[in-house]
Amino acid sequence: MSSYEDVPMETSPRELTQNPLRKIWMPYRNGLPDKHIPQRKVCMTNCPTLIVMVGLPARGKTYISKKLTRYLNWIGVPTKEFNVGQYRRECLKIYKNFEFFRQDNEEGLKIRRQCALTALNDVREYLGVEGGQVAVFDATNTTQERRNTIMKFADQNEYKVLCYISHFQHFISPKCTMFLCVCVGVCVTSCLFSQVFFVESVCEDPNVIAENIVQVKLGSPDYTDCNTEEAIEDFMKRIKCYENSYQPLDEVVDRALSYIKIMDVGRRYLVNRVQDHIQSRIVYYLMNIHITPRSIYLCRHGESDLNMKGRIGGDSGLTSRGKEFAQCLNHFIQEQNIRDLKVWTSQMKRTIQTAEALSMPYEQWKALNEIDAGVCEDMSYEEIQDHYPQEFALRDQDKYRYRYPKGESYEDLVQRLEPVIMELERQENVLVVCHQAVMRCLLAYFLDKSADELPYLKCPLHSVLKLTPVAYGCKVESIFLNVEAVNTHRDKPENVNISRLAKEALFTVPAHQ
Amino acid sequence: MAQTPNKPQVRKRFRCDSIASVPQFTNSPTMIVMVGLPARGKTYISKKLTRYLNWIGVPTKVFNVGQYRRDAVRTYKNFEFFRPDNEEAMKIRKACARSALSDVGTYFMLEHGQAAVFDATNTTRERREIILSYAKDNGYKVFFIESICDDPEIIAENIKQVKLSSPDYIDCDKEEAVADFLKRIECYKVTYVPLDDDKDSHLSYIKIFNVGSRYLVNRVQDHIQSRIVYYLMNIHVTPRTIYLCRHGESELNLVGRIGGDSGLSPRGTQFAGALGKYIKSQSIPDLKVWTSHMKRTIQTAEALGVPYEQWKALNEIDAGVCEDLTYEEIQANYPEEFALRDQDKYRYRYPKGESYEDLVQRLEPVIMELERQENVLVVCHQAVMRCLLAYFLDKSAEELPYLKCPLHTVLKLTPVAYGCKVESVSLNVEAVNTHRDRPAAPDEPPCALLAPPSRHTRVQPMASPTPTRAPRLQDLGVTSLSLEVLQSQDTTERSVPHPFGIKLNLNNNQFSFSHF
């Protein structure tokens, strides 16, 4: 054992101080944070990743791009999609017909190549300067030549410097000013190359293709002044133009590439050389999503005793109005007559009491429990202001990242809810009976809301949100079940300074007992 | 269809089953059927997957048909036995497969298993049809895992690693054994029909090519299959070592208080220094260091002088209202809670806190990432380390909360063959003992009398049940050596596991409030 005792120690441990907003321990020197310590999340990226879509038109590439982008952003990985078709439309204001896409249309080819290059330059800007971690390059990319161009682009090793900047960007985003200095002279990870991951969608089923064209292509700006049949015909010809030169990813030729091939909308997948954590997560996500029509119903538990008293957290039961809501929810669900409805609750009394009224089986998830307010559990906002005025102000400054002492932040909550989202993607009709903060996080995923908007989304008691996936997004219907309840939504007050008056801090607190 | 008397009954599920950290996976049990030529790592995958599923709370067992054959035919002569034209042998092999199949049925029906891994070559369409129709008759789901490998080096390595120590070749010289085994593979090649992308497109399966360089995944049916696929896509066989240790002794450790977020004691700081030297002395390529979000693990990692990452998921078990208390104070303030915890430490949840069961769910992403990574040092906490260790050493839910993870000791885990070698390295810095054994309860009847063979919740990791037949030699050889150090005290001191009846009451209680 003595052999390693001779090795001299070069570093002596530094003092740790807890960051007041996020409650993270970090080493300090001369009163300033000493370095950036990476935090583990559901999705981790060390290098910027370029996701490249491959496939003929109307194979769901844009659907996958948008959905994946939404998921990654929600989970905390800054992601943006770059739709080359959009660049083409901007460059060429008017679309005449499929002739533009013919292989022998040299003018057309030139414009298209130019658009792809412009998009790639924007990718470079995004991953380099704007702090993006993942870029989704949404185009057909059906030829080897085009894919080689992209690979070459990615191999340019200027990312080493750019990666550094991306971490810097990432860190100044919290509004807490003390973080500004964190990154000076520090780079956590350096990577020479950005990773490229191909996502190819292969589909032979004419019904699926036709459905896709009707759903999304007819609404495209290319066909605004066109009758339906003409548009379909033109689009089919457009697909033909690509078919001639289409070279799918090849098991032999492309064996060195990292890719997933999705066949027939997820009936089969071929996964080749997954390189890192984020690619593995992306594969897992893509293997869990489906396009079967369904609805997701989100609601909170019925009004609870602590809601009435204007206190947060706790594990109280329902008020009489809360119980009335549970009954109304039952009627509503019966009326909707939903096939194979799954009901999920948290492990808290108020959601279980609500679900008990439903006369159907339900499942409890611990992950659906309300945000843990730590030392502020069971307190009213007035009491929090009284006991922890500084904490209260910090929360108002950055509600998404603020972590309650011995509790959680919305950011933590999103990480905790990731398995719920993954399972919601797998399932069909589901009713989730949850809590205010939890419902905000789930809703933000479906409606693509930013971290700044998320903690202020309106999720009133006794209202059901019905979410139905349509085309590239989600239709939302809000149904109030006509049972009165207290308001629990507290807007961001104007003054968020630590030195503010109690009156200013409590200005937006909703009325309660 | 006429009901045969010995047909398994439809398994009823009660609402109390759904008390779990995550929703139930599936109602009908799943047969996981391996496909592939010999020496393609089928047994490796079977055992590893079984260990994972048990740990996350899906009761799973491996059924190795080769083992049935060895039990039926005591002495193995040579490859001739496996020739497709050896009718006598073929009869025996079929009977073994059938007998294993019926044991799968028993496992699902009587032992409340939820997944069974059917580990055999299953290289012919005919054999797979038999399995499929058996599963269909009984309402089981079937998921095939085919391992395809054409890299002779990988195959040779596999033969060397696990086949030479097989009981079949116990009195054989190495070269003869290799030659015989290669001929055995040839016997299978004659009749091998891989899963076909067109003909078998209605089946659910994953094909793994050359130890994970490529995967083909077809018709994933449910949550559990999706988890299996994700797991298989994350494991690798590159040699590596995982180091587990706790933070250095903390101020609260010194005063015998649990939880909290205190800093290191002077001895704890000394340990952090010693850990730094130890890690340097090991000169580990590309070592990743992970800590929790708690001050004591971060202080420990700070002394290493290498970059590290913080995981919230690695935080110590949340003791809820008992945080910062001593055991004496818990006994004084919450005597009932304290007793309940001793009765079923794995499932007991602190008021406003967590159970070990919760902890395992929280740690699942950590295990998944550990599988992906190569050399990692995890600086964590007592309860967290117990959960991680239980995964690597295949410990049951009963054993898990009592695993010995002393302060100032590093456990070095090295994957070998089908298991994990453990070395326990004490860094010679004194520390308080924080291990509290389960108090003996002499008046409690032994659990065997009271405990039904069933399990009440779905998320209950149980270690892979003991093999149906006598264990293979290499099984004994793999983990036993260094494990003894860890276990010796454990097994002697630990008293009877608790009877299940109490848990049932708890379940009822938990439910009763929701009815009123």
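All values below come from the heavy atoms of this structure, side chains included, with hydrogens, waters and symmetry mates left out. Numbered from 1 within each chain, the chains take letters A, B, ... in sequence-line order. Given the structure is predicted, the values throughout are model-derived calculations rather than measurements.
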Quick one: do A/Arg40 and B/Glu369 make a salt bridge, cutoff under 4.0 Å? yes
Just how far is it from atom CG of B/Leu216 to atom CE of A/Met263, taken to the nearest 0.5 Å? 5.5 Å
Interface moiety of B/Met368 toward chain A, non-hydrogen atoms closer than 4.5 Å: neither
Atom pair CG (A/Leu16) and CZ (B/Arg296), whose distance is rounded to the nearest 0.5 Å: 13.0 Å
Whether the A/Arg281 and B/Tyr230 side chains hold a donor-acceptor pair (N or O, under 3.5 Å, no angle test) is what I'd like checked. yes
Before giving the answer on side-chain contact (heavy atoms from CB on, under 4.5 Å), spell out for B/Asn218 and A/Arg267 the whole-Å C-alpha distance, their side-chain angles and the decisive distance to 0.1 Å. CA-CA 6 Å; B/Asn218 195 62; A/Arg267 205 177 50 74; 3.7 Å; yes
Is B/Gln373 in contact with chain A via its backbone, its side chain, both, or neither, using a 4.5 Å heavy-atom distance? side chain
Is it the backbone or the side chain of A/Glu418 that comes under 4.5 Å from a heavy atom of chain B, or both, or neither? neither
Please look at B/Gln221 and chain A and tell me whether the side chain, the backbone, both or neither of the residue comes under 4.5 angstrom of a heavy atom of that chain. backbone
Out of A/Leu368, A/Asp372, A/Asp276, which one racks up the most heavy-atom pairs below 4.5 Å with chain B? A/Asp276
Is it the case that atom CG in B/Asp286 sees more than 12 heavy atoms from other parts of the structure closer than 6.0 Å? no
Can you tell whether the side chains of B/Asp324 and A/Lys406 come within less than 4.0 Å, N to carboxylate O? yes
Find the one option among B/Lys295, B/Arg219, B/His293 whose heavy-atom pairs under 4.5 Å with chain A are most numerous. B/Lys295
Rounded to the nearest 0.5 Å, what's the gap from CD on A/Glu15 to CD on B/Glu302? Could you check? 10.5 Å
Walk me through whether B/Lys312 and A/Glu411 qualify under side-chain contact (heavy atoms from CB on, under 4.5 Å). CA-CA 11 Å; B/Lys312 190 165 193 279; A/Glu411 198 174 12; over 6 Å; no
Worked verdict on B/Arg214 versus A/Tyr259 for side chain to side chain donor-acceptor pair (under 3.5 Å): CA-CA 9 Å; B/Arg214 187 191 308 157; A/Tyr259 64 84; 4.7 Å; no
What do the steps show when you test B/Ser201 against A/Arg268 for side-chain contact (heavy atoms from CB on, under 4.5 Å), and what is the final call? CA-CA 9 Å; B/Ser201 65; A/Arg268 187 182 297 167; 3.6 Å; yes
Side chain, backbone, both or neither: which part of A/Arg403 has a heavy atom under 4.5 Å from chain B? side chain
At a heavy-atom separation under 4.5 Å, does B/Thr291 approach chain A through its side chain, its backbone, both, or neither? neither
Counting only N and O atoms by type, is there a donor-acceptor contact under 3.5 Å from the side chain of B/Arg372 to the main-chain atoms of A/Ser280? no
Segment of B/Val229 engaging chain A (4.5 angstrom heavy-atom cut-off): side chain
Distance col, row A/Arg255:CZ vs B/Phe209:CZ, nearest 0.5 angstrom, shows 14.5 Å
What heavy-atom pair brings A/Trp25 and B/Met294 nearest, and what distance separates the two atoms? CD1-C, 4.0 Å
